[in-house]
Amino acid sequence: MPELPEITCRAREMSEAVVGRRIVGAKVRQPKCLNVSVDDFNAGLVGAQIRGVTHHGKWLISETSQAYFLLNLGMGGEVLLVRQDGLPETWRVRLDFEDGDALAINFWWFGYAHTAPHDDLAQHTMSAVLGPNAFDIDLDTFRELLAGRRGRIKSLLLDQKRIAGIGNAYIHDILFRAKLHPLRTVPTLSDDDVCALHEAIRAELTRSIDKGGASYELSLHGKPGGFTAEDLLVGYREGKPCPQCGTPIEKLKTGSTSSFICPHCQPLDT
DNA sequence: ATAAGTGTTGCGCA
DNA sequence: CTGCGCAACACTTA
(Lines give C-alpha, C1' and ligand atoms only; values in the text may rest on other atoms or scores of the structure.)
Protein backbone atom coordinates (compact mmCIF):
# COMPACT_ATOMS: atom_id res chain seq x y z
CA MET A 1 0.00 0.00 0.00
CA PRO A 2 2.62 2.06 1.05
CA GLU A 3 2.57 4.98 -1.25
CA LEU A 4 1.15 8.42 -0.81
CA PRO A 5 -2.37 7.87 -2.25
CA GLU A 6 -3.11 4.95 0.05
CA ILE A 7 -1.63 6.65 3.11
CA THR A 8 -3.57 9.82 2.34
CA CYS A 9 -6.79 7.81 2.20
CA ARG A 10 -6.01 5.96 5.44
CA ALA A 11 -5.29 9.26 7.20
CA ARG A 12 -8.62 10.67 6.04
CA GLU A 13 -10.50 7.53 7.07
CA MET A 14 -8.87 7.52 10.48
CA SER A 15 -9.58 11.22 10.96
CA GLU A 16 -13.26 10.48 10.51
CA ALA A 17 -13.42 7.23 12.44
CA VAL A 18 -11.02 7.25 15.37
CA VAL A 19 -10.38 10.86 16.38
CA GLY A 20 -11.75 11.42 19.87
CA ARG A 21 -11.51 7.77 20.87
CA ARG A 22 -9.52 6.61 23.87
CA ILE A 23 -7.01 3.74 23.75
CA VAL A 24 -7.48 1.35 26.69
CA GLY A 25 -5.06 -1.39 25.66
CA ALA A 26 -2.17 -2.14 23.32
CA LYS A 27 -0.86 -5.52 22.18
CA VAL A 28 2.34 -6.16 20.28
CA ARG A 29 2.98 -9.48 18.55
CA GLN A 30 6.15 -8.35 16.79
CA PRO A 31 8.23 -6.14 19.10
CA LYS A 32 10.85 -5.81 16.36
CA CYS A 33 8.73 -3.28 14.50
CA LEU A 34 8.74 -0.86 17.45
CA ASN A 35 11.30 1.88 18.10
CA VAL A 36 10.90 1.55 21.87
CA SER A 37 10.39 -1.32 24.32
CA VAL A 38 6.96 -2.91 24.54
CA ASP A 39 6.63 -1.37 28.01
CA ASP A 40 7.39 2.12 26.71
CA PHE A 41 5.03 1.59 23.78
CA ASN A 42 2.21 0.69 26.16
CA ALA A 43 3.04 3.53 28.51
CA GLY A 44 2.98 5.97 25.62
CA LEU A 45 -0.39 4.97 24.19
CA VAL A 46 -2.59 3.26 26.80
CA GLY A 47 -4.95 5.84 28.22
CA ALA A 48 -4.34 8.26 25.34
CA GLN A 49 -7.06 9.94 23.36
CA ILE A 50 -6.53 10.30 19.60
CA ARG A 51 -6.54 13.96 18.63
CA GLY A 52 -5.86 13.92 14.89
CA VAL A 53 -4.41 11.85 12.06
CA THR A 54 -2.19 13.18 9.26
CA HIS A 55 0.55 11.78 7.06
CA HIS A 56 4.03 12.69 5.96
CA GLY A 57 5.09 10.75 2.90
CA LYS A 58 4.37 7.10 3.60
CA TRP A 59 4.10 7.64 7.36
CA LEU A 60 0.68 7.72 9.03
CA ILE A 61 0.94 10.02 12.03
CA SER A 62 -1.62 10.02 14.84
CA GLU A 63 -1.38 12.70 17.48
CA THR A 64 -2.73 11.61 20.83
CA SER A 65 -3.09 13.22 24.23
CA GLN A 66 0.05 11.34 25.40
CA ALA A 67 2.38 10.50 22.50
CA TYR A 68 2.57 10.44 18.74
CA PHE A 69 1.79 7.11 17.10
CA LEU A 70 3.54 6.63 13.76
CA LEU A 71 2.94 3.83 11.27
CA ASN A 72 4.79 2.82 8.14
CA LEU A 73 3.20 -0.13 6.37
CA GLY A 74 6.35 -1.18 4.53
CA MET A 75 5.64 -3.13 1.37
CA GLY A 76 1.97 -3.65 2.02
CA GLY A 77 -0.37 -3.95 4.94
CA GLU A 78 -3.59 -2.92 6.57
CA VAL A 79 -4.90 -0.77 9.36
CA LEU A 80 -8.33 -2.20 10.09
CA LEU A 81 -10.99 -0.89 12.44
CA VAL A 82 -12.73 -3.98 13.80
CA ARG A 83 -14.51 -5.28 16.87
CA GLN A 84 -12.25 -6.79 19.52
CA ASP A 85 -14.29 -10.00 19.26
CA GLY A 86 -13.94 -10.06 15.48
CA LEU A 87 -10.21 -9.66 14.96
CA PRO A 88 -8.49 -10.88 11.78
CA GLU A 89 -6.12 -13.84 12.22
CA THR A 90 -2.95 -11.92 11.58
CA TRP A 91 -1.96 -8.63 13.11
CA ARG A 92 1.33 -7.39 14.47
CA VAL A 93 0.14 -4.52 16.63
CA ARG A 94 -3.28 -3.85 18.05
CA LEU A 95 -4.80 -0.87 19.82
CA ASP A 96 -8.03 -1.42 21.75
CA PHE A 97 -10.58 1.34 22.26
CA GLU A 98 -12.90 1.70 25.22
CA ASP A 99 -16.01 1.05 23.12
CA GLY A 100 -14.94 -2.50 22.13
CA ASP A 101 -13.46 -1.58 18.75
CA ALA A 102 -9.81 -2.08 17.88
CA LEU A 103 -7.24 -1.04 15.33
CA ALA A 104 -5.63 -4.21 13.96
CA ILE A 105 -2.40 -3.39 12.18
CA ASN A 106 -0.64 -5.81 9.87
CA PHE A 107 2.04 -5.61 7.20
CA TRP A 108 3.77 -8.34 5.29
CA TRP A 109 7.27 -6.90 5.10
CA PHE A 110 9.29 -4.24 6.80
CA GLY A 111 6.65 -2.15 8.53
CA TYR A 112 7.11 0.03 11.58
CA ALA A 113 4.89 1.00 14.53
CA HIS A 114 6.64 3.81 16.38
CA THR A 115 5.95 6.33 19.09
CA ALA A 116 7.40 9.79 19.62
CA PRO A 117 7.12 12.20 22.56
CA HIS A 118 3.96 14.24 22.71
CA ASP A 119 5.77 17.58 22.58
CA ASP A 120 8.50 16.69 20.11
CA LEU A 121 7.66 14.90 16.86
CA ALA A 122 11.09 15.98 15.56
CA GLN A 123 12.65 13.35 17.79
CA HIS A 124 11.28 10.76 15.40
CA THR A 125 14.15 10.87 12.91
CA MET A 126 12.68 8.57 10.27
CA SER A 127 9.81 10.97 9.61
CA ALA A 128 11.68 14.15 10.52
CA VAL A 129 14.20 13.78 7.69
CA LEU A 130 11.55 13.43 4.97
CA GLY A 131 11.20 16.02 2.22
CA PRO A 132 7.90 17.81 1.54
CA ASN A 133 4.87 15.73 0.58
CA ALA A 134 4.99 15.01 -3.16
CA PHE A 135 1.38 16.09 -3.54
CA ASP A 136 1.82 19.48 -1.85
CA ILE A 137 5.06 20.62 -3.44
CA ASP A 138 4.70 23.73 -5.63
CA LEU A 139 6.45 24.24 -8.95
CA ASP A 140 9.10 26.66 -7.70
CA THR A 141 10.03 24.40 -4.80
CA PHE A 142 10.19 21.49 -7.22
CA ARG A 143 12.57 23.44 -9.49
CA GLU A 144 14.81 24.23 -6.52
CA LEU A 145 14.74 20.58 -5.53
CA LEU A 146 16.17 19.58 -8.91
CA ALA A 147 18.68 22.41 -9.21
CA GLY A 148 22.26 21.20 -9.03
CA ARG A 149 21.31 17.53 -8.89
CA ARG A 150 23.28 15.26 -11.15
CA GLY A 151 21.81 11.80 -10.65
CA ARG A 152 18.98 9.93 -12.31
CA ILE A 153 15.52 11.37 -12.16
CA LYS A 154 13.96 8.13 -10.96
CA SER A 155 16.42 7.88 -8.05
CA LEU A 156 15.62 11.43 -7.02
CA LEU A 157 11.85 10.93 -7.12
CA LEU A 158 12.15 7.81 -4.97
CA ASP A 159 14.44 9.55 -2.45
CA GLN A 160 12.09 10.26 0.45
CA LYS A 161 14.51 12.77 1.95
CA ARG A 162 14.00 15.01 -1.08
CA ILE A 163 10.34 14.44 -1.93
CA ALA A 164 8.13 12.23 0.20
CA GLY A 165 5.47 9.77 -0.88
CA ILE A 166 6.36 8.41 -4.32
CA GLY A 167 7.20 4.71 -4.50
CA ASN A 168 8.04 2.18 -7.16
CA ALA A 169 4.43 1.53 -8.17
CA TYR A 170 3.15 4.99 -9.11
CA ILE A 171 6.46 6.19 -10.51
CA HIS A 172 6.03 4.26 -13.78
CA ASP A 173 2.95 6.22 -14.79
CA ILE A 174 4.34 9.51 -13.46
CA LEU A 175 7.41 9.23 -15.69
CA PHE A 176 5.32 8.04 -18.63
CA ARG A 177 2.95 10.97 -18.29
CA ALA A 178 5.92 13.36 -18.25
CA LYS A 179 7.47 11.49 -21.24
CA LEU A 180 10.68 10.87 -19.32
CA HIS A 181 12.88 7.78 -19.32
CA PRO A 182 13.70 6.68 -15.73
CA LEU A 183 17.44 6.72 -16.46
CA ARG A 184 17.49 10.33 -17.68
CA THR A 185 19.75 12.43 -15.47
CA VAL A 186 18.43 15.61 -13.92
CA PRO A 187 20.72 18.02 -15.87
CA THR A 188 19.32 16.72 -19.19
CA LEU A 189 15.78 17.88 -18.27
CA SER A 190 14.47 21.07 -19.88
CA ASP A 191 12.29 23.44 -17.91
CA ASP A 192 9.33 22.09 -19.90
CA ASP A 193 10.27 18.60 -18.73
CA VAL A 194 10.40 19.81 -15.12
CA CYS A 195 6.95 21.44 -15.42
CA ALA A 196 5.51 18.32 -17.05
CA LEU A 197 6.97 16.16 -14.31
CA HIS A 198 5.58 18.38 -11.56
CA GLU A 199 2.16 18.22 -13.17
CA ALA A 200 2.42 14.44 -13.71
CA ILE A 201 3.15 13.83 -10.02
CA ARG A 202 0.05 15.74 -8.92
CA ALA A 203 -2.18 14.27 -11.62
CA GLU A 204 -1.19 10.63 -11.14
CA LEU A 205 -1.39 10.74 -7.34
CA THR A 206 -4.77 12.48 -7.53
CA ARG A 207 -6.13 9.87 -9.92
CA SER A 208 -5.57 7.18 -7.30
CA ILE A 209 -6.54 9.23 -4.23
CA ASP A 210 -9.89 10.00 -5.85
CA LYS A 211 -10.58 6.28 -6.19
CA GLY A 212 -9.61 5.45 -2.62
CA GLY A 213 -6.12 4.17 -3.41
CA ALA A 214 -4.81 0.95 -4.95
CA SER A 215 -7.12 -2.05 -5.15
CA TYR A 216 -4.44 -4.31 -3.65
CA GLU A 217 -4.84 -2.51 -0.33
CA LEU A 218 -7.77 -2.35 2.07
CA SER A 219 -9.40 0.68 3.62
CA LEU A 220 -9.80 1.16 7.35
CA HIS A 221 -13.14 -0.62 6.99
CA GLY A 222 -11.75 -3.51 4.94
CA LYS A 223 -12.80 -2.42 1.46
CA PRO A 224 -10.32 -2.62 -1.46
CA GLY A 225 -9.38 0.65 -3.13
CA GLY A 226 -10.87 1.54 -6.50
CA PHE A 227 -7.60 2.17 -8.38
CA THR A 228 -7.05 -1.10 -10.26
CA ALA A 229 -4.63 -2.56 -12.79
CA GLU A 230 -6.97 -1.19 -15.48
CA ASP A 231 -6.18 2.33 -14.32
CA LEU A 232 -2.44 1.95 -14.89
CA LEU A 233 -1.01 3.47 -18.07
CA VAL A 234 2.23 1.53 -18.44
CA GLY A 235 3.07 0.19 -14.98
CA TYR A 236 3.10 -3.64 -14.82
CA ARG A 237 1.81 -3.83 -18.40
CA GLU A 238 4.83 -5.39 -20.10
CA GLY A 239 4.11 -6.31 -23.73
CA LYS A 240 0.80 -4.45 -23.83
CA PRO A 241 0.39 -1.49 -26.19
CA CYS A 242 1.29 2.03 -25.06
CA PRO A 243 -1.96 4.01 -24.59
CA GLN A 244 -0.45 6.87 -26.61
CA CYS A 245 1.29 5.22 -29.57
CA GLY A 246 0.67 1.48 -29.38
CA THR A 247 4.32 0.50 -29.04
CA PRO A 248 4.70 -2.55 -26.77
CA ILE A 249 5.57 -1.57 -23.19
CA GLU A 250 8.97 -2.75 -21.98
CA LYS A 251 10.18 -3.78 -18.55
CA LEU A 252 13.73 -2.93 -17.62
CA LYS A 253 16.03 -3.09 -14.62
CA THR A 254 16.90 0.34 -13.25
CA GLY A 255 19.30 -0.18 -10.39
CA SER A 256 17.70 -2.48 -7.85
CA THR A 257 14.12 -1.79 -8.99
CA SER A 258 12.23 -2.52 -12.21
CA SER A 259 10.75 0.08 -14.51
CA PHE A 260 7.98 -0.09 -17.10
CA ILE A 261 8.20 2.32 -20.03
CA CYS A 262 7.04 2.99 -23.55
CA PRO A 263 10.35 2.99 -25.46
CA HIS A 264 8.90 5.35 -28.08
CA CYS A 265 7.29 7.96 -25.79
CA GLN A 266 10.12 7.89 -23.23
CA PRO A 267 13.39 7.93 -25.19
CA LEU A 268 16.62 7.91 -23.23
CA ASP A 269 18.76 9.95 -25.61
CA THR A 270 17.92 13.60 -26.09
C1' DA B 1 7.64 -28.41 -4.97
C1' DT B 2 11.29 -25.10 -4.96
C1' DA B 3 12.68 -20.52 -6.25
C1' DA B 4 12.54 -16.01 -7.78
C1' DG B 5 10.10 -11.75 -7.61
C1' DT B 6 8.12 -7.86 -4.86
C1' DG B 7 4.95 -1.94 -3.39
C1' DT B 8 10.18 0.10 1.90
C1' DT B 9 13.95 1.85 4.37
C1' DG B 10 18.74 2.67 6.30
C1' DC B 11 23.31 1.58 6.03
C1' DG B 12 28.02 0.75 4.31
C1' DC B 13 30.97 0.95 0.49
C1' DA B 14 33.28 2.34 -3.99
C1' DC C 1 27.21 13.36 -4.24
C1' DT C 2 25.63 8.93 -6.41
C1' DG C 3 24.73 4.34 -7.37
C1' DC C 4 24.58 -0.08 -5.75
C1' DG C 5 24.15 -4.14 -2.87
C1' DC C 6 22.57 -5.81 1.31
C1' DA C 7 19.65 -6.85 5.24
C1' DA C 8 15.27 -6.75 7.67
C1' DC C 9 11.90 -12.45 6.28
C1' DA C 10 5.88 -12.98 3.86
C1' DC C 11 3.40 -14.06 0.23
C1' DT C 12 2.34 -14.93 -4.79
C1' DT C 13 3.61 -16.83 -9.28
C1' DA C 14 6.47 -19.60 -12.56
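A quick note: this is a predicted structure, and the numbers were derived from the prediction, not measured. Numbered from 1 within each chain, the chains take letters A, B, ... in sequence-line order.
- Atom CZ in A/Phe107 sits roughly 12 Å away from atom C1' in C/dA10 (whole-Å rounding).
- With hydrogens and angles left out, the side-chain atoms of A/Asn168 and A/Lys154 include a donor and acceptor closer than 3.5 Å.
- Side-chain contact annotation: A/Tyr170 with A/Ser208, donor-acceptor N/O pair under 3.5 Å present.
- For the OP1/OP2 pair of C/dG3 and a distance below 4.0 Å, the side-chain nitrogens and oxygens of A/Ser155 include at least one atom meeting the criterion.
- A perpendicular orientation is assigned to the rings of A/His124 and A/Trp59, their planes being inclined by more than 60° (bins at 30° and 60°).
- Remark: A/Lys58 does not engage A/Glu3 in a salt bridge, criterion side-chain N to carboxylate O under 4.0 Å.
- For A/Asn72, a side-chain nitrogen or oxygen approaches OP1 or OP2 of B/dT9 to under 4.0 Å.
- Taking only side-chain atoms of A/Lys58, from C-beta outward, the nucleotide of B/dT9, C/dT2, B/dG5 with the closest atom is B/dT9.
- Scanning for salt bridge (Lys or Arg N to Asp or Glu O under 4.0 Å) contacts around A/Lys211 gives A/Asp231, with sequence neighbours left out.
- Nearest-nucleotide positions on DNA chain B for A/Met126 and A/Trp109 put A/Trp109 closer to the 5' end.
- Dashed line: the shortest gap from a side-chain N or O of A/Lys253 to OP1 or OP2 of C/dG5 is not under 4.0 Å.
- A/Leu158 has its CG atom 14 Å from the P atom of C/dT2, to the nearest Å.
- Contact between the side-chain N/O atoms of A/Ser258 and the OP1/OP2 oxygens of B/dT6 is found at a separation under 4.0 Å.
- Side chain of A/Trp108, nearest nucleotide from C/dC9, B/dT6, C/dT2: B/dT6.
- One can place NE2 of A/His55 at 15 Å from P of B/dT8, the figure rounded to the nearest angstrom.
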Secondary structure of DNA chain C in dot-bracket form (Watson-Crick or G-U wobble, distances below 3.5 Å, | marking inter-strand pairs): .|||||||.|||||
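- Across the protein-nucleic acid pair, A/Arg92 atom CZ and C/dA8 atom C1' stand 11 Å apart, rounded to whole Å.
- In this structure, A/Phe110 packs face-to-face on the six-membered ring of C/dA8, meeting both the 5.5 Å centre cutoff and the 30° plane limit.
- Under 4.0 angstrom from either OP1 or OP2 of B/dT6 there lies at least one side-chain N or O belonging to A/Lys251.
- Side chain of A/Arg149, nearest nucleotide from B/dG10, B/dG5, C/dC1: C/dC1.
- Between the CH2 atom of A/Trp59 and the P atom of B/dT8 there is a distance of 14 Å, rounded to whole Å.
- For the P atom pair drawn from C/dC9 and B/dT2, the interatomic distance equals 22 Å after rounding to whole Å.
- In this structure, of B/dT9, B/dT6, C/dC4, it is C/dC4 that holds the atom nearest to the side chain of A/Arg152.
- Separating the P atom of C/dG5 from that of B/dT6 is a span of 14 Å, rounded to the nearest Å.
- Here A/Lys154 lies out of heavy-atom contact (under 4.0 Å) with every strand.
- Atom P of nucleotide C/dA10 and atom CG of A/Leu73 are separated by 16 Å, given to the nearest angstrom.
- A donor and an acceptor atom, one from each side chain of A/Ser215 and A/Thr228, are nowhere located under 3.5 Å apart.
- Here B/dT9 presents its P atom at 11 Å from CG of A/Leu4, a figure rounded to the nearest Å.
- We find that OH of A/Tyr236 is positioned 11 Å from C1' of B/dG5, with the value rounded to whole Å.
- For an aromatic pair to be called close, the ring centres must be under 6.0 Å apart, and A/Tyr236 with A/His172 satisfies this.
- Connection of A/Leu233 to A/Leu197 is established within a shared hydrophobic cluster, with ILVMFWY side chains joined at heavy-atom distances below 4.5 Å, either directly or through further cluster members.
- The side chain of A/Lys32 contributes an N or O atom lying less than 4.0 Å from OP1 or OP2 of C/dC9.
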